Chemist: 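Got a structure for you, written out below as structure tokens; questions coming shortly.
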Amino acid sequence: TLGGMSEKTEEKDEQEELLKALVCTIHHYFGSWQAIFGRVRDVRNPNLVTYPLTSLLCTGVMMFLFRLGARRQIKYQLRDNKPSQSKFEGWFDVENVPHGDTLNYGFKGLEPDEVQEVVCTLVERLIRKKVLSNWRLFDNYLIAVDGTGVLTFEEWHCQYCLTRKLNNGAVLYYHPVLAAKLITANGFAFSLLTEFIENRDPQASKQDCELKAFYRLAKRLKKRFPRLPICLLLDGLYAGGPTFQLCEDYHWRYMVVLQDKDLLNVHRNIHLLLPLVPENHKRLRLGQSLEIVQDYRWVTQIDYTDSEDRKHQLNMLTCQETKPTRQGEMHTTTFKWLTNFIPTMTNVDTLANQGGRIRWKIENEGFNVQKNGGFNLEHPYSQHHNARKVFYFLLQIAYSIFQLLEKGSLFRKAFPNGVGSLKNIAFRLLEAWRNLRLSPAGFNSLYGGRYQIRFDSS
């Protein structure tokens with residue numbers, strides 16, 4: 001019996017430490033929920049409002065933080081649960097957690113751009129607090145841009161659907177997005193801006209596409225962060241004159257993947273110039289046993305004239321990496337980028353390993369986790385056009401908070417041995433929220449005390 005009581009006490013202490021890590025992380029970086037969502041306008045009739053808008057938006061964030069997977073799970077997991085009600089009362093002075101349908105109804109009238117601005121503001125606060133300074137590339141923040149599918153339907157969904165005809169003759173209706181994420185070498189992938197790829201003009205002769213969305217997104221990014229030193233990390237789709245000119249005009253750095261099928265004239269110039277600069281070569285050996293070999297070669301000031309007769313001078317950096325596979329065989333992978341950084345003997349390995357090669361984090365830490373890690377990005381949280389976008393942005397906010405929690409020292413101190421997978425953190429958060437009994441005042445007292453949050457900067 002004493003052993004059982006001891007285990008229950010230990011479990012309660014762990015749950016309290018986990019909730020404290022969560023609420024202190026949110027408060028430390030972003031302040032109260034009112035500070036986070038206070039500028040989103042509430043267009044509902046105030047005489048018919050039971051829940052303040054901030055509480056609805058917060059509930060949406062909690063749904064994603066706890067990885068509930070669908071709106072209806074709010075009813076079964078958060079609503080009508082006494083410990084959950086008490087915590088929510090501490091935050092918003094309401095008696096219960098709002099129903100998932102209440103969220104959907106409330107979000108229909110919101111302006112999605114105002115919720116997008118919340119996403120921008122949260123990252124801006126991290127930048128101003130110098131949270132991300134250690135992972136800049138020569139003082140530039142790394143912004144990876146890539147597109148991904150979000151919703152897919154076999155029948156016509158709405159007027160904004162994109163369509164694609166499959167080989168079997170069936171038509172696919174889908175909604176992709178183009179995302180700009182601030183990424184770091186230690187695994188952060190914070191959503192910065194999103195451009196929805198959709199058919200807005202019914203008179204247009206062609207569908208919207210990723211390239212068109214990129215130019216819209218870049219314009220918005222420059223307007224929203226006019227002085228932010230940016231290095232864009234892009235795949236081969238964007239290798240071309242318009243992208244190079246855009247980066248010149250905006251004073252941005254870039255590293256664009258160069259594939260063999262792209263810019264054939266540039267490839268010809270590279271093949272001609274490489275033999276003329278044999279000194280542009282650097283070899284590194286990495287790994288515990290120096291089993292990884294990296295060979296760098298580069299060419300500078302490659303002349304390129306685009307389709308609009310604009311002249312550009314490009315730099316090319318290539319990295320050939322040879323390392324043993326799990327079967328013990330040696331395997332070589334070649335990476336190649338076009339960049340407006342000037343490669344030199346002292347910086348090529350930094351440009352490659354801490355710049356160009358971490359572009360994949362937008363796909364792994366970004367899209368893959370949000371699709372397959374419990375956030376359920378591809379689930380249609382609403383059929384309404386505005387509400388669907390609001391839910392998308394709340395997912396991005398929740399994922400930003402979750403990353404700060406998971407990589408922060410408060411969580412690592414409470415669980416020095418970890419808790420297994422990232423899904424386990426969400427599971428334990430949900431269990432602590434549902435089971436730990438705290439009065440509203442007791443819950444709010446978790447913010448008390450002095451603390452610091454640090455990240456591993458290696």
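Keep in mind that what you see is a predicted model, and the values were worked out from it rather than measured.
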Chemist: What class does the angle between the rings of His175 and Phe153 fall in, given that below 30° is parallel, 30 to 60° is tilted and above 60° is perpendicular?
Modeler: perpendicular
Chemist: Does the pair Glu111/Arg41 count as a salt bridge with the N-to-O cut at 4.0 Å?
Modeler: no
Chemist: Ignoring hydrogens and angles, state whether a donor on the side chain of Ser400 or Gln396 is under 3.5 Å from an acceptor on the partner side chain.
Modeler: no
Chemist: Does a side chain donor of either His28 or Gln452 reach within less than 3.5 Å of an acceptor in the other side chain?
Modeler: no
Chemist: Taking the six-membered ring for Trp, are Phe411 and Tyr451 ring centroids under 6.0 Å apart?
Modeler: no
Chemist: Mind checking whether Phe88 and Phe443 have ring centres under 6.0 Å apart?
Modeler: no
Chemist: Look at Asp208 together with Arg216 and state whether they make a salt bridge at an N to O cut-off of under 4.0 Å.
Modeler: yes
Chemist: Whether Asp306 and Arg310 form a salt bridge (side-chain N of Lys/Arg under 4.0 Å from carboxylate O of Asp/Glu) is what I want to check.
Modeler: yes
Chemist: So which of Thr148, Leu377, Ile197 actually passes side-chain contact (heavy atoms from CB on, under 4.5 Å) with Val177?
Modeler: Thr148
Chemist: Decide, yes or no, whether a salt bridge links Lys282 with Asp349 under the criterion of side-chain N to carboxylate O below 4.0 Å.
Modeler: yes
Chemist: Is any side-chain N of the basic residue among Lys413 and Glu17 closer than 4.0 Å to the acidic one's carboxylate O?
Modeler: no
Chemist: Evaluate the side-chain proximity of Thr194 to Lys389: yes if any heavy-atom separation is below 4.5 Å, no if none is.
Modeler: no
Chemist: Taking the six-membered ring for Trp, is the centroid-to-centroid distance between Phe64 and Tyr381 below 6.0 Å?
Modeler: yes
Chemist: Look at the rings of His385 and Tyr160 and say which category their plane angle falls in: under 30° parallel, 30 to 60° tilted, over 60° perpendicular.
Modeler: parallel
Chemist: Distance only, no hydrogens: is a donor on one side chain within 3.5 Å (strictly under) of an acceptor on the other, for Thr54 and Gln34?
Modeler: yes
